[in-house]
Engineer: 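Please see the structure below; I have some questions.
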Amino acid sequence: MNNNMDSIITRRQSREVKVGNVIIGGNNPIVVQSMTNTDTMDTMAIVEQTMRMVEQGCQMVRITASEEKTANNLYNIKNELVKRGCDVPLVADIHFNPKAAEISASLVEKIRINPGNYVDRKWKEGFSDKDYEDILKRAQDNISPLIDICKKHNTAIRIGVNHGSISERIVYRYGNTPLAMAESAMEFLRMFNEMDFLNIVVSMKASNVKVMNQANLILVEKMKEVNMSLPLHLGVTEAGNGEDGRIKSICGIGSLLAQGIGDTIRVSLTEKPENEIPVAKLLANAFSDIYEGKEIEQDAVATREIADSARLLLDDKIDVDSFYLEDEELTKNILQATGKKVFKAEFIACPSCGRTKYDIQSALEKVKEKCFQLKGLKIAVMGCIVNGPGEMADADYGYIGCGNGKVNLYRQGHLIHSSVEEENAINLLISMIKEDGKWVEQQ
Ligand code: SF4
């Protein structure tokens with residue numbers, strides 16, 4: 001058993017950021033949030049799903065706003081929610097489209113931008129520091145109208161860095177590393193600081209628990225160096241589903257909460273978004289209680305134990321070979337989630353969102369059922385061909401729905417078969433694994 005739980009954890013002091021009627025950071029309890037996965041143009045479907053999430057205890061709801069028309073529809077969604085007496089703060093998830101960001105910033109309480117998407121020129125070998133500064137200057141000019149809107153409407157921004165979509169200029173300088181993720185956020189934090197805008201929450205997400213953990217720890221130090229204390233949003237991306245997805249999320253998020261780091265969390269599962277909330281609440285409540293010096297509820301004890309085990313394993317404070325919990329399966333899952341030992345195939349799968357054009361939940365079940373025995377392989381099942389390929393970059397094989405009942409199949413990030421009929425896709429994936437000599441029959 002793990003007897004290394006700290007009874008007192010000193011919480012990192014972050015500044016408060018107000019998002020509608022919710023405050024993130026400071027000494028406020030950890031905020032639980034999630035994201036809808038239905039079409040943003042289907043107002044009623046989004047509203048119904050939001051209501052179900054809020055009923056479970058979700059305190060902030062993110063919605064895809066990838067284009068101007070979907071951003072504009074946030075107005076109808078907001079109105080319908082208000083009509084039903086629901087004032088949960090909404091967060092618009094922006095990809096690539098600055099205009100959608102500007103529209104959303106005047107309609108909802110918070111927007112999420114990915115610094116990796118703010119690129120106006122491909123980074124080339126041989127670019128100088130001056131080129132780098134020029135690119136940043138242009139990014140600042142491009143983003144300044146958005147900041148004016150956010151200031152006017154008291155809209156908060158999340159700078160959401162994803163390991164799978166760091167800008168080339170940053171990868172060129174720092175490699176594809178946790179440090180690169182932290183630097184990617186710092187670029188934008190310095191920019192926003194200059195514009196006197198600090199209504200910001202920051203996240204560093206990766207599907208690899210170790211990378212996510214390290215990126216957050218580095219960012220905390222980098223912020224400290226420049227006297228910044230912005231609140232942190234924690235999450236493990238593409239954690240998958242079921243027990244594996246839950247353990248991976250608790251390990252990543254919990255390992256940081258167990259060090260007093262983190263102000264809002266999202267557990268991403270390839271399931272209905274409302275399924276994410278009970279797990280997230282267990283984590284958030286347990287650590288909010290600990291920070292306040294209270295006893296944690298009985299049903300959160302096991303969650304706390306997983307979080308602490310992950311913290312110690314990731315920090316090399318326990319010997320991997322002597323680590324065990326009473327539940328052998330759980331012990332193995334924690335060791336695999338923290339990257340310390342491998343017992344089975346790893347499935348990377350996004351939670352899906354308004355961009356998803358197929359039934360990713362049943363696709364993931366199908367792929368898992370056929371491939372779980374392939375110990376050591378990483379297989380990704382992703383929701384869209386826009387962000388999926390980047391986000392699953394370190395997977396051995398990828399299975400991505402591309403709409404109209406078709407699937408694209410990837411090997412080591414390279415597209416091998418495109419627009420395969422969904423019913424044939426699993427067999428074609430198996431043939432690819434066989435061709436590579438990596439197939440093993442189930443016992
Ligand atoms: S990869 Fe998944 S979660 Fe990310 S944008 Fe595509 S469908 Fe949405």
Side-chain angles (χ1 to χ4, degrees), residues 33-42 45-46 49-50 53 61-67 70-71 74 91-97 100-101 104 111-118 158 160-166 181 203-208 212 233 235-241 245 248-249 252 266-276 280 347-365 367 378-395 397-410 413 415 418 422 425:
Q33 55 175 298
S34 180
M35 183 167 180
T36 55
N37 63 2
T38 43
D39 181 357
T40 310
M41 293 312 289
D42 189 341
I46 290 268
Q49 195 170 53
T50 300
M53 289 155 69
V61 174
R62 185 154 49 111
I63 300 172
T64 304
S66 47
E67 303 158 9
T70 43
L74 293 172
V91 186
D93 199 60
I94 310 295
H95 286 277
F96 306 104
N97 190 326
S104 304
I111 61 166
R112 180 261 169 154
I113 55 168
N114 179 346
N117 293 164
Y118 279 80
R158 167 156 67 102
V161 176
N162 267 11
H163 185 217
S165 52
I166 312 174
M181 292 172 68
S203 67
M204 305 271 109
K205 295 196 185 182
S207 66
N208 181 312
M212 171 267 182
H233 164 135
V236 176
T237 48
E238 296 101 31
N241 65 359
K248 211 171 175 187
S249 296
R266 185 215 174 169
V267 168
S268 308
L269 297 175
T270 314
E271 297 182 21
K272 292 181 196 153
E274 52 267 39
N275 290 4
E276 298 175 355
F347 296 94
I348 295 166
C350 76
S352 77
C353 70
R355 283 180 180 273
T356 315
K357 301 276 179 282
Y358 80 131
D359 184 352
I360 185 174
Q361 291 173 20
S362 66
L364 175 61
E365 287 300 344
V367 173
K378 277 191 189 175
I379 304 177
V381 179
M382 303 295 281
C384 76
I385 49 171
V386 182
N387 292 315
E391 301 294 340
M392 61 164 202
D394 67 341
Y397 298 95
Y399 182 112
I400 306 187
C402 50
N404 298 327
K406 304 275 171 47
V407 170
N408 283 359
L409 295 173
Y410 296 73
L415 178 61
S418 66
E422 227 180 310

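Note that ligands are numbered from 1 as they come in the structure, with each ligand's atoms numbered from 1 the same way.
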Engineer: Using only heavy-atom distances, determine whether the side chains of His95 and Asp93 contain a donor-acceptor pair under 3.5 Å.
Structural biologist: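 The criterion, which ignores hydrogens and geometry beyond distance, is satisfied for Asp93 and His95.
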Engineer: Not counting sequence neighbours, which residues clear side chain to side chain donor-acceptor pair (under 3.5 Å) with Glu67? List them please.
Structural biologist: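 If we apply the side chain to side chain donor-acceptor pair (under 3.5 Å) test to Glu67, skipping adjacent residues, there are no hits.
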Engineer: Is there a donor in the side chain of Ser165 and an acceptor in the side chain of Asn162, or the other way round, less than 3.5 Å apart?
Structural biologist: no
Engineer: Side chains of Ser203 and Arg158: donor-acceptor distance under 3.5 Å anywhere?
Structural biologist: yes
Engineer: Around atom 2 (Fe) of ligand 1, list the protein N/O/S atoms within a radius below 2.8 Å, excluding water molecules.
Structural biologist: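 Within the sphere that stays under 2.8 Å of atom 2 (Fe) of ligand 1, the protein atoms of type N, O or S are Cys350 SG.
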Engineer: What pairs with Arg355 under salt bridge (charged side-chain N to carboxylate O under 4.0 Å, His left out), at least two apart in sequence or on another chain?
Structural biologist: none
Engineer: For Gln49, enumerate each residue passing the side chain to side chain donor-acceptor pair (under 3.5 Å) test, keeping only those at least two apart in sequence or located in another chain.
Structural biologist: Asn37, Thr38
